[in-house]
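The structure under discussion appears below in the form of structure tokens.
Within every chain, numbering begins at 1; the chains are lettered A, B, ... in the order of the sequence lines, protein sequences first and strands thereafter.
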Amino acid sequence: MILDSVFSKFKKGLSKTRTQMKSGLGKLFTGQIPMSEEILDTLEALLIEADLGMDLAMELIEDVSKHFPISTPVTSKNVLEYLQKKLIQKLEKTNIKEVNVHGTKVVLVVGVNGSGKTTSIGKLATLYANEGKSVLLVAGDTFRAAALEQLTIWSERAGVEIIKNQAATHPASVVYDALVSAKTRNIDVVIIDTAGRLHTQTHLMDELEKVHRVVKKVFTDAPHETILVIDATTGQNGLHQAEEFSKSTPIDHLFLTKLDGTAKGGIALAIHNKLDIPVRYVGLGEKASDMDYFNPTLYIKALLDLD
Amino acid sequence: MLEQFSSNLENVFKKIRGHGKLSESNISDATREIRRALLEADVNFKVAKDFIEKVKTKALGDDVLRSISPGQQIVKIVRDELSALMGDDSGDMHLSGSPAIIMLVGLQGSGKTTSAAKLAMQLRKQGRRPMMVACDVYRPAAIKQLETLGKQIDIPVYSNHQEKDVLKIAETAIKESVRFSADTVIIDTAGRLTVDSAMMDEIKNLKTRLSPKEILFVGDGMTGQDAVATAQAFSDVVQFTGVILTKMDGDARGGAALSIKAVTGIPVKFLGMGEKIQPLEVFHPSRMADRILGMGDIVSLVEKAQESIDENEARLMEEKIRKSGFDLEDFRDQLLKLKKMGPLSDLMGMIPGMSKVKDVQVDEKRLTRIEAIINSMTPSERRLPKVLNANRRKRIARGSGTTVQDVNQLMKQFQGMQKMMKKFGKMGKRQLMRNLPRGFKI
Ligand SMILES: Nc1nc2c(ncn2[C@@H]2O[C@H](COP(=O)(O)OP(=O)(O)OP(=O)(O)O)[C@@H](O)[C@H]2O)c(=O)[nH]1
Ligand SMILES: Nc1nc2c(ncn2[C@@H]2O[C@H](COP(=O)(O)OP(=O)(O)O)[C@@H](O)[C@H]2O)c(=O)[nH]1
Ligand SMILES: [Mg+2]
Ligand SMILES: [Mg+2]
């Protein structure tokens, strides 16, 4: 079962991450001691060093200090478990948007340059193909050198079809043609790759809006899932990314990539907390099977080094 | 562009201004805000902490306390200290040897391949004869990507689609460099994570066997706290000689520049400023310092802005927008205010990143044109732009000495702005002011 192997992979990925995290956190302190500014500072450092950002970090620290007023006796475990509870509460306030699509499901994948869109599409395609679905990839990145070839290789690896139009220069026209064809052929899942773009490039964001409109032209209720791909190494700029991309095409979920490295990906929590966009998938490597559904509890346990 | 208004440092400024003199307590107010600015810019937590300590010590020195404008003084200390920490502005490289070898390393997707092409283009401009070598044998179509870029800018690329041993590829390329009549060999490597020891060994081997004169670490300008761990690990394995910070055409504050320098001692040499293959930009520490602090020349900007924007006016404006929406009159008011602040090109230059972004070139002429167009409208047209049909637009174009396209373009921009205003109607004044001018797209 692919999901089983994926799951153990996730744990392995996380345990790698966990070893990395150890030095930063480990035990806050040993034994039972009175709550102090120092403990709060250590907690703050931990959260900020995981890229949660000042706002979310402060919010959490405030929660902790309210629950354990200064000089209340506490153990490291008390504090971390409370923090875990608070974080999980925040992560569970928004649910994954699971749509029941009767015909073709259209998935649109967007994000800044190099975040991992194409690779993640390869992974998703593999997942759907393994469920026995017919999958069609759409090469909507008409800009980057060899982007088409990269997606083609992924389509071959996943054993799914790809629609490309070597001549087309505007992504909206590639997408339109592909969706029309998917509709007549009643394909189960269409996944659209897009060129990486910085959210500050207005003309490219307009282009994305256009792609979004074209999708709607063919399937009025589509895209059924729009995924923003965020690299786990991303800092506070990730919030701007999510905000701005949402304006061009409303985002349903995040795909948090490169969690197999040393970066902790806390920016995804900040995005979720501020914009209500939950993480649905995580990327844990460069192979097709290196992905999993996001598991908030596992993730936060790893982040806080709790068992 | 009025982003500065929201800048936390501005508050500190005001506080310190009121006091007139630096004291232990208002320094700690200031340092708290500086810390926040640094952390929001993704400067590493520990790096920020050390930095603040340094600033504190300096700020409490005698000359500061005696200075006339303590607010400016502390900001100056922060900026000077920051830029001093980040190194000097020389984009020099050591390119001896025939051929001279440059190797690019970094995480996945950081911008190595694009930077290789940019670097090649830049070196050719300087009179060298570069070639590129495709040593990413892992990522799908990575070789093809480099080949395509090479063709695009007419730089030779050595690749071997069959070979999986990157050392062999690189060594053959270097041998063949004569045939390519190249004097500089740029090696593009695969992206790798520092926890992947086999992959880290690969670049270590390349380094040992090829002894590149320059090893450039390519880092994404949007990187967060992890910049420190990653840069440190790459530095431990290959002792890189310089840093290229990419994607700086965006709005990332780029705290990674400081973090990387602080932990490895190696300065940023170049910035990547776009997806298009164009020469890299030489890194300027003082500009970077401003960008990290989220301010342009904050001292003069804050002063100018305070002169021309009246708090009261801003409040009235906010109320009006909330009640009756944002119309062309408001749009013109904003323009006039911008103009009052002085030559726009000056102002834009003070804003981090702005002066460098090619497509936000300030066009003063267009501003004047926009003003002329709005002036040619009737008051009711300004209040209710919906009535502007084709005929009216023609009339306005004639009246303002512009074209219908100009009018249409303005209306499009205005509508975008109006849309934005609706959202901002719900925000506070500070956010409102910060976001106002974006829609101008000057
Ligand atoms: N906006 C912007 N995009 C950039 C810049 N540099 C690179 N990119 C884009 O970032 C993405 C990744 O760049 P690559 O050059 O392929 O990065 P790489 O490090 O070689 O990536 P891998 O080989 O996949 O590890 C591409 O979409 C590039 O077009 C830059 O300075 N600004
Ligand atoms: N280690 C690791 N690398 C990844 C992951 N996802 C993507 N990558 C790599 O990141 C780089 C950029 O990915 P790509 O899919 O081309 O990004 P795009 O430009 O957003 O389409 C490639 O080298 C990928 O192999 C991940 O989850 N983990
Ligand atoms: Mg791609
Ligand atoms: Mg590459």
>> Using 0.5 Å steps for rounding, measure from the OG1 atom of A:Thr234 to the CG atom of B:Asp220.
In response: 7.0 Å
>> What part of B:Thr223 gets within 4.5 angstrom of chain A, counting heavy atoms only: side chain, backbone, both, or neither?
In response: both
>> Could you check whether B:Asp226 pairs with A:Lys258 (Lys NZ or Arg NE/NH1/NH2 to Asp/Glu carboxylate O, under 4.0 Å)?
In response: no
> If you count heavy-atom pairs under 4.5 Å with chain B, which of A:Arg197, A:Arg157, A:Gln241, A:Arg144 comes out on top?
Replying inline: A:Arg144
> What part of B:Asn44 lies closer than 4.5 angstrom to a heavy atom of chain A: side chain, backbone, both or neither?
Replying inline: side chain
> Can you name the nearest heavy-atom pair linking A:Thr262 to B:Ala229, along with the distance?
Replying inline: OG1-CB, 4.3 Å
>> Nearest 0.5 angstrom please: A:Leu47 CG to B:Phe45 CZ, how far?
In response: 9.5 Å
>> What's the separation between atom CZ in B:Arg139 and atom OG1 in A:Thr119, rounded to the nearest 0.5 Å?
In response: 7.0 Å
> If you take all heavy atoms of A:Asp260 and B:Leu193, which pair is closest and at what distance?
Replying inline: OD2-CD1, 3.1 Å
> Is there a donor-acceptor contact under 3.5 Å from the side chain of B:Lys144 to the main chain of A:Glu149?
Replying inline: no
> Which bit of A:Glu286 comes within less than 4.5 Å of chain B, counting heavy atoms only: side chain, backbone, both or neither?
Replying inline: side chain
> Hey, is B:Lys46 close enough to A:Glu49 for a salt bridge, meaning N to O under 4.0 Å?
Replying inline: yes
> Taking all non-hydrogen atoms of both residues, which atom of A:His240 and which atom of B:Asp251 are closest, and how far apart?
Replying inline: ND1-OD2, 2.9 Å
> What option among B:Lys49, B:Gln145, B:Gln152 has the most heavy-atom pairs under 4.5 Å with chain A?
Replying inline: B:Gln145
> Is chain A contacted by the side chain of B:Ile143, its backbone, both, or neither, given a heavy-atom distance below 4.5 Å?
Replying inline: neither
> Among B:Pro140, B:Ala233, B:Ala256, who wins on heavy-atom pairs under 4.5 Å with chain A?
Replying inline: B:Pro140
>> Taking side chain as everything from C-beta outward and backbone as N, CA, C, O, which of these in B:Arg192 sits under 4.5 Å from a heavy atom of chain A? Side chain, backbone, both or neither.
In response: neither
>> Please give me the minimum heavy-atom distance between B:Met222 and A:Val112, naming the atom from each residue.
In response: CE-CG2, 3.8 Å
> Is there a donor-acceptor pair closer than 3.5 Å between any side-chain N or O of B:Asp42 and the backbone N or O of A:Gln236?
Replying inline: yes
> What distance separates A:Asp231 CG from B:Ser110 OG, expressed to the nearest 0.5 Å?
Replying inline: 9.5 Å
> What do the steps show when you test B:Asp249 against A:Leu198 for side chain to side chain contact (heavy atoms under 4.5 Å, CB included), and what is the final call?
Replying inline: CA-CA 8 Å; B:Asp249 44 328; A:Leu198 294 182; 3.4 Å; yes
> Measuring from B:Gln108:CD to A:Ser115:OG, what's the distance to the nearest 0.5 Å?
Replying inline: 12.5 Å
> Which value, rounded to the nearest 0.5 Å, describes the distance between B:Leu39 atom CG and A:Ile48 atom CD1?
Replying inline: 5.0 Å
>> Under 4.5 Å from any heavy atom of chain B, what part of A:Leu204 do you find: side chain, backbone, both or neither?
In response: side chain
> Checking salt bridge (Lys or Arg N to Asp or Glu O under 4.0 Å) for the pair B:Arg36/A:Glu44: CA distance, chi angles, key distance, verdict?
Replying inline: CA-CA 12 Å; B:Arg36 191 179 173 101; A:Glu44 189 195 356; over 6 Å; no
> What are the two closest non-hydrogen atoms of A:Ala145 and B:Leu149, and how far apart are they?
Replying inline: CB-CD2, 3.9 Å
